[in-house]
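All heavy atoms count here, side chains included; hydrogens, waters and symmetry mates do not. For clarity, every value in this text was computed on a predicted model and none was experimentally measured.
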Amino acid sequence: MNPAELSASLLAIVSAMLERRGATQTLTIDDVALERPRNRDHGDWASNIAMKLAKPLGSSPRDIAAEVTAELESVAGVASVSIAGPGFINITLDAAAAGEIARTILDQGEVYGRNEGLAGQSINLEFVSANPTGPLHIGHTRWAALGDSLARVLRASGATIATEFYINDAGNQMDNFGASILAAARGLETPENGYPGQYIADLASRVVQLEPNLLILADDEALAVARETGYRLQLGEIQASLERFNVHFDVWFSERELHAIDQATGQSAIDSAIDRLRVQGHVFDADDAVWVKTTDFGDDKDRVIRRGNGIFTYFAADAAYYLSKSDRGYTHKIYLLGADHHGYVHRLKALAGSAGDDPERDIEVLIGQLVSINGARLSKRAGNIIELNDLQAWLGTDALRYSLGRYPADSPLTLDPELLQKRTNDNPVFYVQYAHARTHQVARNAAASGVTREVFDASLLTHETESMLLGILAEFPRVVLQSAELREPHRIARYSEELAGAYHRWYDNCRVTPLGEETVTDTHRTRLWLNDATGIVLRNALGLLGVSAPERM
RNA sequence: GCGCCCGUAGCUCAGCGGAUAGAGCAAUUGACUACGGAUCAAUAGGUCGGGGGUUCAAAUCCCUCCGGGCGCACCA
């Protein structure tokens, strides 16, 4: 008996009651979703359906609850039902029914937690998308951790998903980047609007090594070589950093593709994007420029897409890029952006609308708050920019991914770099990983003591800490789906901490291996199932966060 | 000025309109000749920024004020 099955039983009972009372409304499984009561004395699962139906049915919540309770009590696996407070229906399962989840988990293994809640959706998830003109810093790192975990959670919920990194490799900043490298190679000062920093000097020497001619080429040619070679090297650095961080992108999309002229049509993707928006009736000409009427979709002013001098704005590439995603078959386009880009939300939504898509359904822009260091915002001037590579060296991938992944994106995050460098155990990731390692230690000890899994009798799992642990294990698939639906992968981290805590408390109270001369009983054997099931769920949860699950620490 | 996000324990932060608001860290006190003490048990710590409103029920939804972050380009 898992919560989904119990919900289904409850739904049938409540629906029948509605029919008896002649009510016209119908309920879905979501209306009867069960929650785990905060207080253990309230049972294993609780429903607030009686209170929700009180008004439409015109009777008191407790009366409705009583009617439902009478039938719930006869459901197989339900030990007792009680009504509490304003009308909560509290359900306690018998131990055997509750314990079945351990068998289910061992049967399903690494698949346990996956669900089909988002089946049929084809999602493009874009995140990080840093300029290839410098290393990734802590801000990018947060989106990398969250975006990658979100992708895993969406995939686990049945969605087809592609993660995508948009490379801003067109435009002025690439020339500034190239000029900075060239100046460094020539031993000159950083040019105006150039990029400062040691990494430019490092890139310059690598470029010179690869292209020894650089220093004798004419300016134009040298600039191109510095820019292109530097670009290739820097992008390689970014890709390597992300791979080390366990973050994978399915598509690396170059902005240059959008500017490239198709030989057959004589048009670029941007040209045809503007044409397509124009056909939809959202493009107009004014003051020598070409505009998109984004105010039709909630923007506070219309946006220029092509300047009077014929040069496209950045917005034009955005338009072509959005259409590219649609053309490639993605029904949902999710953008994960930093708060410093939230001004783009309206115009991105307007693009979807202008293209004939539904701005509410087809495009989602998730805005993440910026990371601050000891309360100060990050800036080059303040000298407190921290690179992904440094963070990784201090903390390691697991601790870094976990500490960035356990907070919701819209929560402002303050980090203390001194604390990060200490690598202390106050990071909850160690608590969770230790719980996982402990499940394996227990399994090793069990094997050594002759405790096997040849018997599973769930009715023996009667200790208070066992029913608590079973309840949490049973919730995992729903937590995964909820994380996917709400786009909140941090829920997986919070869940794994709760599970680890319940496991540690169980471990303290219930032995898997017998003491001394005691004989092995079915209780020991059955507990080994529970132990192993917990290990599987911890590993699956950590996997969704891109964090390893060590068997020893 | 306008817009978006945030304000919860000393600190960092959880908390899909539900029961007595939680966790970790920090503090105090206990538990190893018992599967690994990277653990567990217990104590202490709160006007959920202030004020209105909706609701059987508000930290959660609405309005307003105060505080903080970030944006308001024919830049990328």
Side-chain angles (χ1 to χ4, degrees), chain A residues 30 33 35 37-39 41-42 46 48 51-52 54-55 60-61 84-88 90 131 133 168 170-174 176 193 255 286-291 298 300-301 303-309 311-315 317-318 338-346 365 367-370 372 375 377 403 406-416 419 424-428 430-435 437-438 441-446 448-449 451 478 482 485-486 488 490-491 493-494 497-498 500-501 503-516 524 527 531 552-553:
Chain A
D30 291 334
E35 55 186 36
R38 193 174 297 262
N39 187 334
D41 298 336
H42 292 141
N48 60 6
M51 288 177 286
K52 282 183 175 169
K55 179 158 281 184
S60 85
F88 286 101
N90 293 327
N131 287 342
T133 54
N168 291 133
N172 298 334
Q173 86 275 3
M174 292 304 293
N176 295 336
N193 296 324
E255 183 187 345
D287 306 330
D288 289 337
V290 182
W291 299 68
D300 49 1
K301 56 173 293 198
R303 304 290 167 177
V304 170
I305 196 165
R306 183 173 194 165
R307 288 182 256 168
N309 60 12
I311 295 179
F312 296 113
T313 63
Y314 188 77
F315 185 53
D318 280 341
D340 53 341
H341 287 74
H342 80 247
Y344 300 154
V345 174
H346 279 308
V365 185
I367 296 298
Q369 294 301 302
L370 304 178
S372 64
R377 66 162 296 193
S403 58
R406 73 188 288 265
Y407 304 107
D410 57 8
S411 167
L413 195 52
T414 302
L415 296 180
D416 179 347
L419 206 61
T424 58
N425 283 346
D426 57 14
N427 190 323
F430 298 113
Y431 182 78
V432 178
Q433 286 184 317
Y434 181 63
R438 182 172 254 183
Q441 181 63 33
V442 167
R444 287 189 289 268
N445 292 335
S449 304
V451 178
R478 203 169 60 186
Q482 188 177 43
E485 287 177 334
L486 298 174
E488 292 183 340
H490 76 279
R491 289 171 183 275
R494 300 291 169 163
E497 289 165 35
E498 198 185 342
Y503 175 76
H504 285 309
R505 285 185 282 278
W506 172 73
Y507 172 91
D508 250 43
N509 285 282
C510 300
R511 293 190 55 93
V512 171
T513 56
L515 271 176
H524 295 124
R527 282 176 177 166
N531 177 78
R552 295 178 195 270
M553 292 176 70

Practice item. Kindly confirm whether the side-chain ring of A:Tyr507 is stacked on the base of B:U39, judged by centres under 5.5 Å and planes under 30°. Key: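 Taking the rule of under 5.5 Å and under 30°, the ring of A:Tyr507 does not stack on B:U39.
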Review point. Can A:Tyr431 be classed as stacking with the base of B:A38, given a centroid separation cut-off of 5.5 Å and a plane angle cut-off of 30°?
Key: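 One would not call A:Tyr431 stacked on the B:A38 base.
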Practice item. Return yes if a side-chain donor-acceptor contact under 3.5 Å exists between A:Tyr344 and A:Asp318, otherwise no. Key: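 Looking only at side-chain atoms, A:Asp318 and A:Tyr344 do not form any donor-acceptor pair under 3.5 Å.
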Give the nucleotide from the list [options] with an atom nearest to the side chain of [X].
| X | options | value |
| --- | --- | --- |
| A:Lys301 | B:C74, B:A76, B:G3 | B:C74 |
| A:Tyr407 | B:C13, B:G36, B:C5 | B:C13 |
| A:Arg438 | B:C72, B:G36, B:A34 | B:G36 |
| A:Gln482 | B:C16, B:C74, B:C70 | B:C16 |
| A:Leu413 | B:C13, B:C35, B:G71 | B:C13 |
| A:Ala84 | B:U12, B:C70, B:A19 | B:A19 |
| A:Arg505 | B:A41, B:A19, B:G36 | B:A41 |

Review point. Could you write out RNA chain B as a dot-bracket string, with dots for unpaired bases, | for bases paired across to another strand, and Watson-Crick or G-U pairs counted at under 3.5 Å?
Key: (((((((..((((....[...)))).(((((.......))))).....(((((..]....))))))))))))....
Check your understanding: When the nearest nucleotide of RNA chain B is assigned to A:Asp410 and to A:Leu486 on a heavy-atom basis, which residue is associated with the more 5' position?
Key ->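 Looking at the nearest nucleotide for each, A:Asp410 comes out on the 5' side.
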**Study point:** Nearest-nucleotide 5' precedence on RNA chain B, A:Val304 against A:Arg444
**Key:**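 Result: A:Arg444.
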Practice item. Give me the ring orientation class for A:Tyr503 and A:Tyr507: parallel if the planes are under 30° apart, tilted from 30 to 60°, perpendicular past 60°. Key: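 A:Tyr503 vs A:Tyr507 ring planes: tilted.
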Check your understanding: Expressed in angstrom and rounded to an integer, what is the separation of A:Glu488 atom CD from B:G15 atom P?
Key ->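 Distance check: A:Glu488 CD to B:G15 P gives 6 Å.
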Exercise for review: Quickly work out the A:Gln433 CD to B:U39 C1' distance and round it to whole Å.
Suggested key: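 Nearest whole value for this atom pair: 16 Å.
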Exercise for review: For A:Glu497, report the nucleic acid contact type (base, sugar-phosphate, nothing); a contact means any heavy atom under 4.0 Å.
Suggested key: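 No contact.
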Point to revise | A:Glu255: partners by salt bridge (charged side-chain N to carboxylate O under 4.0 Å, His left out), with sequence neighbours left out | key: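 Testing A:Glu255 for salt bridge (charged side-chain N to carboxylate O under 4.0 Å, His left out), a comparison that skips the adjacent residues, returns none.
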Side-chain donor/acceptor of [X] to base of [N], under 3.5 Å:
| X | N | answer |
| --- | --- | --- |
| A:Asp340 | B:G71 | no |
| A:Asp416 | B:U12 | no |
| A:Asn193 | B:A76 | no |

